[in-house]
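None of the values given here were measured: they were computed from a predicted structure. Residue numbers run from 1 in the order of the sequence given.
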Amino acid sequence: SLMQADMDRIERIVEDILYVSRAPRPKLAPRSLYQVMDDELAHWKLNVADKNISLEIDLEKDLPPIMIDADQIGRSISNLIGNAIDAVGPGGRLTINLQSLATAQIITITDNGPGITEEDQRKIFEPFFTTKSRGTGLGLAIVKQIIDYHKGDITVWSEAGVGTKFTVSLPLTE
């Protein structure tokens, strides 16, 4: 029902606001980023099949474990994938990569959606900024907070009519 949908939405907003205000510090442990991503993707593979969205996944398997909070990083990845799915809609394409560089492990999530304007790109990580009619504007703020706490980096590249690419870089454990 519509009322139930509204209640679910309110619950999600409250959850997000509480999460941002509590700003939980990550509980770091040596974990495989591959495993964390593989677990998240298992859920999304089913989700996109129904939506007629193609998912290309290319994850480097044999990466050394890094110090992460698996729940928080999982939440971040899920959030970025969810956004990308919303952006592309049916017939869209998502590419998800994980690779290792000298000092970091890099996750990229690329979509062929409508893209994000330059003006909006400057604001997307700010709390409560949203372009969605039903968005809380907290999703990417939370993702940024989590990545910052992991001493990582998140950047966005986007071009109108071409798509958007989020790059998350998590440092290798010293």
Side-chain angles (χ1 to χ4, degrees), residues 1-29 31 33 35-55 57 68-96 98 107-117 119-156 158 163-168 170:
S1 74
L2 190 59
M3 190 167 160
Q4 186 57 50
D6 280 341
M7 292 304 293
D8 290 348
R9 178 164 171 263
I10 290 166
E11 199 176 323
R12 213 171 51 243
I13 293 170
V14 171
E15 244 174 59
D16 283 351
I17 290 171
L18 289 173
Y19 193 92
V20 171
S21 61
R22 272 201 312 269
R25 298 275 162 193
K27 296 178 180 65
L28 301 178
R31 292 290 301 269
L33 191 51
Q35 200 54 62
V36 172
M37 291 190 69
D38 200 48
D39 293 347
E40 284 304 325
L41 286 165
H43 152 81
W44 286 108
K45 280 175 190 163
L46 299 170
N47 191 294
V48 297
D50 303 343
K51 293 192 159 87
N52 182 27
I53 291 172
S54 79
L55 200 52
I57 301 171
I68 55 175
D69 181 318
D71 289 341
Q72 287 192 7
I73 294 298
R75 182 184 180 124
S76 300
I77 292 161
S78 223
N79 199 302
L80 291 169
I81 294 171
N83 283 352
I85 287 170
D86 287 349
V88 296
R93 194 177 69 248
L94 249 65
T95 310
I96 298 168
L98 168 64
I107 301 161
T108 55
I109 295 170
T110 312
D111 69 56
N112 66 342
I116 303 166
T117 67
E119 188 189 344
D120 285 353
Q121 285 177 51
R122 287 195 283 276
K123 293 185 277 196
I124 55 172
F125 296 112
E126 292 172 10
F128 303 111
F129 176 77
T130 183
T131 57
K132 296 182 199 173
S133 58
R134 299 180 68 78
T136 64
L138 288 169
L140 284 174
I142 290 173
V143 170
K144 175 127 176 58
Q145 183 183 75
I146 289 171
I147 303 303
D148 285 350
Y149 279 171
H150 281 78
K151 300 192 171 36
D153 215 20
I154 180 166
T155 56
V156 62
S158 190
T164 300
K165 175 182 185 169
F166 281 92
T167 304
V168 173
L170 292 166

Participant: When rounded to the nearest 0.5 angstrom, what is the spacing between CD1 in I81 and CD1 in I109?
Facilitator: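 I81 CD1 to I109 CD1: 4.5 Å, rounded to 0.5 Å.
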Participant: Measure the spacing between CD of Q72 and CD1 of I147 and express it to the nearest 0.5 Å.
Facilitator: 9.0 Å
Participant: From L98 CG over to T108 OG1, what is the distance, rounded to the nearest 0.5 angstrom?
Facilitator: 8.5 Å
Participant: Check R31 against A70 and note the closest heavy-atom contact, atom names and distance.
Facilitator: NH1-CB, 3.1 Å
Participant: Working note: I53 + V88, criterion side-chain contact (heavy atoms from CB on, under 4.5 Å); need CA distance, chi angles, decisive distance, verdict.
Facilitator: CA-CA 8 Å; I53 291 172; V88 296; 3.8 Å; yes
Participant: Would you say T164's side chain and D111's backbone share a donor-acceptor pair under 3.5 angstrom?
Facilitator: no
Participant: Side chains of F166 and L140: closer than 4.5 Å at any heavy-atom pair?
Facilitator: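 A side-chain contact under 4.5 Å exists here.
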Participant: More than 12 heavy atoms of other residues, nucleotides or ligands under 6.0 Å from NZ of K165: yes or no?
Facilitator: no
Participant: Taking all non-hydrogen atoms of both residues into account, name the closest pair between A87 and P114 and its distance.
Facilitator: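 Residues A87 and P114, closest heavy atoms: O-CD, 3.2 Å.
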Participant: What residue pairs, at least two apart or across chains, pass salt bridge (Lys or Arg N to Asp or Glu O under 4.0 Å) with a residue in residues 73-89?
Facilitator: D16-R75, D86-K132
Participant: Could you give all pairs that pass the salt bridge (Lys or Arg N to Asp or Glu O under 4.0 Å) test and reach residues 136-155, with sequence neighbours left out?
Facilitator: K144-D148
Participant: Counting distance only, does the side-chain N/O of D69 pair as donor-acceptor with the main-chain N or O of K27 below 3.5 Å?
Facilitator: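 Side chain of D69 to backbone of K27, a donor-acceptor pair under 3.5 Å: yes, one is there.
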Participant: For R93, is there any backbone N or O sitting under 3.5 Å from a side-chain donor or acceptor partner on N112?
Facilitator: yes
Participant: Looking at every non-hydrogen atom in both residues, tell me the closest pair between S158 and G163 and how far apart they are.
Facilitator: OG-O, 3.1 Å
Participant: Keeping Q121 on the side-chain end and I116 on the backbone end, is there a donor-acceptor pair under 3.5 Å?
Facilitator: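 The answer is yes, because a donor-acceptor pair under 3.5 Å joins these two groups.
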Participant: Report the distance from atom CD1 of I154 to atom CZ of F125, rounding to the nearest 0.5 Å.
Facilitator: 4.0 Å
Participant: Just how far is it from atom CZ of R25 to atom CD1 of I146, taken to the nearest 0.5 Å?
Facilitator: 12.5 Å
Participant: In terms of side-chain heavy atoms, does T95 have a donor or acceptor partner in T110 at a distance below 3.5 Å?
Facilitator: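 T110 and T95 do not have a side-chain donor-acceptor pair below 3.5 Å.
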Participant: Quick check for you: to the nearest 0.5 Å, what is the distance between L94 atom CG and S54 atom OG?
Facilitator: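 Here the rounded value is 7.5 Å.
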Participant: Please give me the minimum heavy-atom distance between D120 and F129, naming the atom from each residue.
Facilitator: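 Where D120 meets F129 most closely, the heavy atoms are OD1-CZ, 3.3 Å.
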Participant: Do you know the tightest heavy-atom contact between E119 and K123?
Facilitator: OE2-NZ, 3.4 Å
Participant: I need the single residue from K51, H43, K45 that forms a side chain to side chain donor-acceptor pair (under 3.5 Å) with N47. Which is it?
Facilitator: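 The passing option is K51.
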Participant: What heavy-atom pair brings W44 and G82 nearest, and what distance separates the two atoms?
Facilitator: CH2-CA, 3.5 Å
